[in-house]
Amino acid sequence: RVEPAISLRAVVMVGGRSESMHPGSARQRSDVVNAPIGVFDSGVGGLTVLRELRRVLPQESFVYLGDTARLPYGTKSPESIRRYAQQAAGLLLQHGVKCLVVACNTASALALDALTEEFAPVPVLGVLEPGAAAACQATRSGRIAVIATESTIRGDAYRLAISRRRPDAQVDSRACALLVALAEEGWTEGPVVEAIIGRYLGDLRADDGTEQRVDTVLLGCTHFPVLAPAIAGVVGPGVRIVDSAVTTAAVLSATLDEQALRASGHAGQTLRLLATDGAGRFARVGGTFLGQPLRESDVEIVDLKGNAAAG
């Protein structure tokens, strides 16, 4: 069992308005603000979000957990997804993180409220709301296709989040479960990839001069950005492809400022990678998502207590 590196209560103390809520020493405050940010996903897909977070916040350190033993989350029941997310978040908090990013659209849709309540006062951010915001910013006509996992689409969270921002939006929601498998295998191009994407999205392309059904495709799963070039090739050049990584990074940056949790300027960035299974495979495929080579030795295998059977 990994013991907490810092007091989690000290996190809210740093960001609290009341003087009595502040840590008792400058050293304690420094420990809190220089603590890592926790990020988790069902597999390596969340590394696409982590990549952008590291680019925008170069002074911050991160601990990433991929629950590779139980992926994909998108085909599981809501109850299982919430349980898995609570276990993953709990492990990251044991590593003393000062903030938690749920870099999984399925978990963001189904478990974010429960995580926010259970792990308060630690700030908990999801990728769904930033993704919806990105789509609304990108679309010209209000016609948006959302592609995601079965659970995310079934929960209708993206359509609702988009409609709150743009009531006139027309949202075409599509479950594209096989794209997760392609991404996890590292298959990002070629005839098989194009055929599968075409089966899901081929009817969105307008090559005959007719008006396009959508002008924006929102990648509602963090596994999908590595497939963005192939998706763009299928839907055509007139359709914008957007994901939540950039807007999530902006929300996280603002949260760190609001809570007075931004790392001090002299803090160097560190990265710790955790997985629940398959360190070698995580490194091989994850390097593509993270944008840098990874070795098997870079990945630490951890056990989530109460772990259900993989499936």
Side-chain angles (χ1 to χ4, degrees), residues 45-46 48-49 51-53 55-56 74 103-106 108-109 125-180 182-183 187-251 289:
T48 60
V49 176
R51 181 177 182 174
E52 182 66 15
L53 299 182
R55 186 189 70 79
V56 172
C104 172
N105 283 271
T106 300
S108 291
L125 311 177
V127 291
L128 191 146
E129 292 290 341
C136 290
Q137 291 168 7
T139 186
R140 301 176 298 275
S141 66
R143 295 190 297 272
I144 301 167
V146 176
I147 61 173
T149 65
E150 178 184 339
S151 291
T152 300
I153 297 300
R154 186 170 57 242
D156 209 25
Y158 260 117
R159 185 190 64 79
L160 294 172
I162 291 170
S163 295
R164 283 194 297 270
R165 290 169 172 80
R166 185 161 179 169
D168 65 333
Q170 301 173 37
V171 181
D172 182 346
S173 301
R174 303 189 179 198
C176 301
L178 288 179
L179 300 192
V180 177
L182 291 177
W187 291 11
T188 59
E189 58 185 0
V192 173
V193 173
E194 292 169 5
I196 293 173
I197 295 173
R199 186 65 177 256
Y200 284 129
L201 307 176
D203 64 316
L204 297 180
R205 189 180 186 101
D207 287 329
D208 57 1
T210 60
E211 187 177 20
Q212 289 176 310
R213 294 182 57 175
V214 301
D215 71 3
T216 301
V217 172
L218 170 57
L219 306 182
C221 174
T222 53
H223 284 77
F224 294 174
V226 294
L227 296 166
I231 292 170
V234 169
V235 300
V239 178
R240 298 180 179 182
I241 311 295
V242 298
D243 68 76
S244 61
V246 173
T247 43
T248 299
V251 171
F289 287 76

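Worth knowing before you read on, the calculation uses all heavy atoms, side chains too, and leaves out hydrogens, waters and symmetry mates.
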Report, one line per pair, each donor and acceptor closer than 3.5 Å where one atom sits in a side chain of residues 227-243; sequence neighbours left out.
{"residue": "Arg240", "atom": "NH1", "partner": "Ala138", "partner atom": "O", "Å": "2.6"}
{"residue": "Asp243", "atom": "OD1", "partner": "Ala245", "partner atom": "N", "Å": "2.7"}

Between [X] and [Y], is any pair of side-chain heavy atoms under 4.5 Å apart?
X      : Y      : result
Ile153 : Val146 : yes
Asn105 : Tyr158 : yes
Cys221 : Ile147 : no
Val192 : Trp187 : yes

For this session: Under the side chain to side chain donor-acceptor pair (under 3.5 Å) rule, collect the residues that match up with Arg51, sequence neighbours excluded.
Result: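 If we apply the side chain to side chain donor-acceptor pair (under 3.5 Å) test to Arg51, skipping adjacent residues, there are no hits.
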Exercise. Which residues pass the side chain to side chain donor-acceptor pair (under 3.5 Å) test with Glu189, sequence neighbours left out?
Worked result: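 Partners of Glu189 by the side chain to side chain donor-acceptor pair (under 3.5 Å) criterion come out as none, since no residue qualifies.
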Tell me, please, which residues at least two apart from [X] pass salt bridge (Lys or Arg N to Asp or Glu O under 4.0 Å).
X      : value
Glu129 : Arg164, Arg165
Asp172 : Arg174, Arg213
Glu194 : none

For this session: State whether the side chain of Ser108 and the backbone N or O of Gly126 hold a donor-acceptor pair below 3.5 Å, judged by distance alone.
Result: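 Between the backbone of Gly126 and the side chain of Ser108 there is no qualifying donor-acceptor contact (under 3.5 Å).
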Exercise. Got a sec, which residues hit side chain to side chain contact (heavy atoms under 4.5 Å, CB included) with Thr106, two or more places apart in sequence or on another chain?
Worked result: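 Applying side chain to side chain contact (heavy atoms under 4.5 Å, CB included) to Thr106 gives Tyr73, Ile81, Cys104, Leu110, Thr149, Ser151, Thr152.
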Problem set entry | Pairs flagged by side chain to side chain donor-acceptor pair (under 3.5 Å) wherever residues 130-140 is involved - sequence neighbours left out |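 For residues 130-140, and leaving out neighbouring residues, the side chain to side chain donor-acceptor pair (under 3.5 Å) pairs sorted by first residue read Thr139-Asp215.
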Over all atoms of both residues, closest heavy-atom pair of [X] and [Y]:
X      : Y      : value
Arg166 : Asp168 : CG-OD1, 2.7 Å
Pro130 : Thr247 : O-OG1, 2.8 Å
Ala103 : Val127 : CA-CG1, 3.9 Å
Ser173 : Arg159 : OG-CB, 4.5 Å
Gly74  : Glu150 : O-CB, 3.7 Å
Ala249 : Val56  : CB-CG2, 3.8 Å

Could you give the distance from [atom1] ([X]) to [atom2] ([Y]), rounded to the nearest 0.5 Å?
X      : Y      : atom1 : atom2 : result
Leu204 : Thr216 : CG    : OG1   : 11.5 Å
Ser244 : Leu125 : OG    : CG    : 11.5 Å
Phe289 : Thr222 : CZ    : OG1   : 8.0 Å

For this session: Check Ile197, Leu218, Leu182, Val180 against Phe224 for a side-chain contact (heavy atoms from CB on, under 4.5 Å) and give me the one that passes.
Result: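 That would be Val180.
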